[in-house]
Amino acid sequence: MAPVPLGIRFLTSFTREQCYRTFTFVLTFLLYAAYHLSRKPISIVKSALHMNCALANEIELYSYKEHLIQAKLLGKPFSNGTWCNWEPFDKSNYKQLLGALDYSFLCAYAVGMYASGIIGERLSIRLYLTFGMLSSGLFTALFGMGYFYNIHDLRYYIFIQVANGLVQTTGWPSVVTCIGNWFGKGRRGLIMGIWNSHTSVGNILGSLIAGRWVSSCWGLSFLVPGIIVATMGLVCFLFLIEHPHDVNCALTRARKPSKCTNRWDALKHRCHDEQSKYDAFMASEEKDPERECFLKESDVGVLAKSNGLMTSHVVTVNSDRGNRPAAISFLGALRIPGVVEFSLCLLFAKLVSYTFLFWLPMYLANKEHIDAKKAGDLSTLFDVGGIIGGILAGVISDWTRKRATTCGAMLLLAAPMLYTFSAVGDMGLKTIIVMLIVCGALVNGPYALITTAVSADLGTHKSLTGNSKALSTVTAIIDGTGSIGAALGPLLAGLISPTGWNNVFYMLMVADGCALLLLFRLILKELHILAPKTNEIEMKEH
């Protein structure tokens with residue numbers, strides 16, 4: 001008998017649960033990367049909608065000659081300064097108009113996010129994501145169709161942006177809830193730091209795809225990403241597994257899966273008489289949290305009482321559907337300790353991140369006097385830094401068990417780096433590359449940590465007494481509040497940039513400082529400088 005190949009032996013070494021978990025990790029990664037891939041083209045195409053026509057390349061010069069011939073034949077006047085621009089963005093207020101496109105998308109996204117989490121908890125995640133991705137693909141493609149059908153009405157593009165912003169809200173609460181169903185709290189920072197790199201990967205792919213056609217046919221810069229995200233919606237419909245229970249797979253300990261549930265069942269019957277044994281058991285579980293078992297919903301009431309939780313700090317949710325817990329209310333989610341602080345912090349952190357997302361290519365094109373394609377390619381280095389920063393933030397927060405302190409340290413370092421970046425514009429390409437990566441890591445690190453590990457921690461906080469229906473709503477509240485900042489950032493950049501790009505960076509530094517101040521109380525609490533009240537439940541993980 002021939003020996004089994006090493007590759008097959010490696011594949012068969014994984015348990016059924018590990019295979020499903022890995023598959024869900026990869027699939028949700030690709031799904032949300034597709035969402036971000038479809039958001040990026042607008043920032044790349046901005047520099048093509050309004051450019052310096054005097055510096056046009058050979059293709060643009062050829063188009064200019066055609067324009068002169070057509071203008072002469074039709075007897076229409078033409079403008080040497082704006083012949084290569086796309087109406088209505090050929091006016092002197094083009095930055096405000098481009099900012100309006102960003103603002104319309106992000107405002108719709110921020111408003112829709114609050115409702116999206118509540119709706120998502122009451123619908124199938126798989127169907128909800130499929131609908132959102134198909135709709136997002138449609139509206140992304142429709143924006144590009146404006147090029148092919150020669151549409152110059154600003155209202156058309158704003159309508160597309162608003163509609164796309166609303167349907168894009170289906171993505172984040174759904175994928176976070178799905179990944180939270182499959183992974184416990186142990187090493188959550190590292191796992192979700194790696195997983196959250198899908199935003200940067202999507203931005204990089206979106207930049208490269210949009211940059212491929214931005215100088216020749218910018219309509220394809222939207223049409224191709226639209227097709228990709230719609231295709232991933234079909235993949236989601238066919239393959240996404242929402243919860244381990246759907247495939248009869250329970251989250252258990254890796255070495256002894258059959259004993260995990262039995263230990264909880266035995267604990268339920270003796271928790272009243274053996275409180276000390278229960279506490280010792282919980283202490284042993286915390287030593288290996290990545291193998292943590294999820295509470296059975298039938299055990300919630302007993303375990304809550306045995307753990308001595310104060311009723312005034314336990315978020316209770318009533319349900320008329322038997323033992324199945326109801327979805328948490330909006331106000332109930334706000335009562336979870338830490339939700340308000342982290343939500344407001346994310347507002348300012350996302351303001352900084354999305355200003356870079358939507359305006360960095362144009363900043364590089366204007367400041368460094370490079371073409372649109374090169375500016376788009378260079379801007380991907382900021383997202384490369386974001387991948388590094390997200391993973392680094394997750395590792396540090398897992399090691400220290402201090403989520404707020406980790407975010408605060410990175411925010412503290414980000415402000416001087418932003419000032420330095422604004423001052424190195426004339427120091428050469430190599431310096432700009434280094435600063436893009438460093439700033440990307442420090443800006444996107446806290447943003448990535450709050451939207452993933454922190455949201456999952458708060459959505460499964462012990463004050464919820466095991467109710468797993470809160471994760472989507474908590475995620476939507478945090479990301480929805482952050483999206484308000486995401487809407488304000490590009491808008492303010494469009495209004496401030498005519499006065500000088502340095503003023504834009506000053507605005508970003510102020511926002512970074514505000515984000516740090518909002519975490520100040522939680523940082524003091526984590527460092528034990530601010531002692532918690534005796535009747536409060538102290539958060540071990542944010």
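Ring centroid separation for the pair F143 and F222 comes in under the 6.0 Å cut-off. Taking the ring centroids of Y363 and F505, they lie under the 6.0 Å cut-off.
Between R39 and D102 there is no salt bridge, since none of the side-chain N atoms of the basic residue sits less than 4.0 Å from a carboxylate O of the acidic one. We find that R212 and D377 are not joined by a salt bridge, their nearest charged nitrogen and carboxylate oxygen being 4.0 Å or further apart.
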Discussion item. For a side chain to side chain contact (heavy atoms under 4.5 Å, CB included) check, start with the C-alpha distance between D398 and V395, then their side-chain angles and the critical distance, and finish with the verdict.
Written reply: CA-CA 5 Å; D398 280 342; V395 171; 5.9 Å; no

Discussion item. Could you go through K46 and F89, starting from their C-alpha distance and side-chain angles, then the distance that decides it, and tell me whether this counts as side chain to side chain contact (heavy atoms under 4.5 Å, CB included)?
Written reply: CA-CA 9 Å; K46 277 180 183 177; F89 307 104; over 6 Å; no

Worksheet item: Does the pair L98 and Y94 meet the rule for a side chain to side chain contact (heavy atoms under 4.5 Å, CB included), with working shown?
Response: CA-CA 6 Å; L98 293 173; Y94 70 97; 3.9 Å; yes

Item to complete: Evaluate the side chain to side chain contact (heavy atoms under 4.5 Å, CB included) criterion for residues F105 and I160: first the C-alpha distance (whole Å), next the side-chain angles of each, then the deciding distance (0.1 Å), finally the verdict.
Response: CA-CA 8 Å; F105 172 87; I160 295 298; over 6 Å; no

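Under the 4.5 Å side-chain criterion, counting only non-hydrogen atoms from C-beta, W213 is in contact with V224. Between V175 and W195, some side-chain heavy-atom pair lies under the 4.5 Å cut-off.
At a cut-off of 3.5 Å, with distance as the only test, a side-chain donor of D479 or Y109 sits close to an acceptor on the other residue. Of the N and O atoms on the side chains of T451 and W172, not one donor lies less than 3.5 Å from an acceptor on the other residue. Side chains of Y147 and S221: no donor on one and acceptor on the other come within 3.5 Å. Donor-acceptor pairing under 3.5 Å is recorded for the side chains of S38 and Q168. Looking at N203 and T380, their side chains never bring a donor and an acceptor atom within 3.5 Å of each other. S104 and Y157 share no side-chain donor-acceptor pair at under 3.5 Å.
More than 12 heavy-atom neighbours from other residues, nucleotides or ligands sit within 6.0 angstrom of CZ on F25. Around atom OH of Y103, no more than 12 heavy atoms belonging to other residues, nucleotides or ligands sit under 6.0 Å away. Within a 6.0 Å radius of OH in Y156, more than 12 heavy atoms belonging to other residues, nucleotides or ligands are found.
Scanning both residues, P490 and T355, for their nearest heavy atoms gives N-OG1, 3.8 Å. Across all non-hydrogen atoms, the minimal contact from I523 to A404 is CG1-O, 3.6 Å.
The aromatic rings of W86 and W218 stand perpendicular to each other, their planes meeting at an angle above 60°, with 30° marking the opposite boundary.
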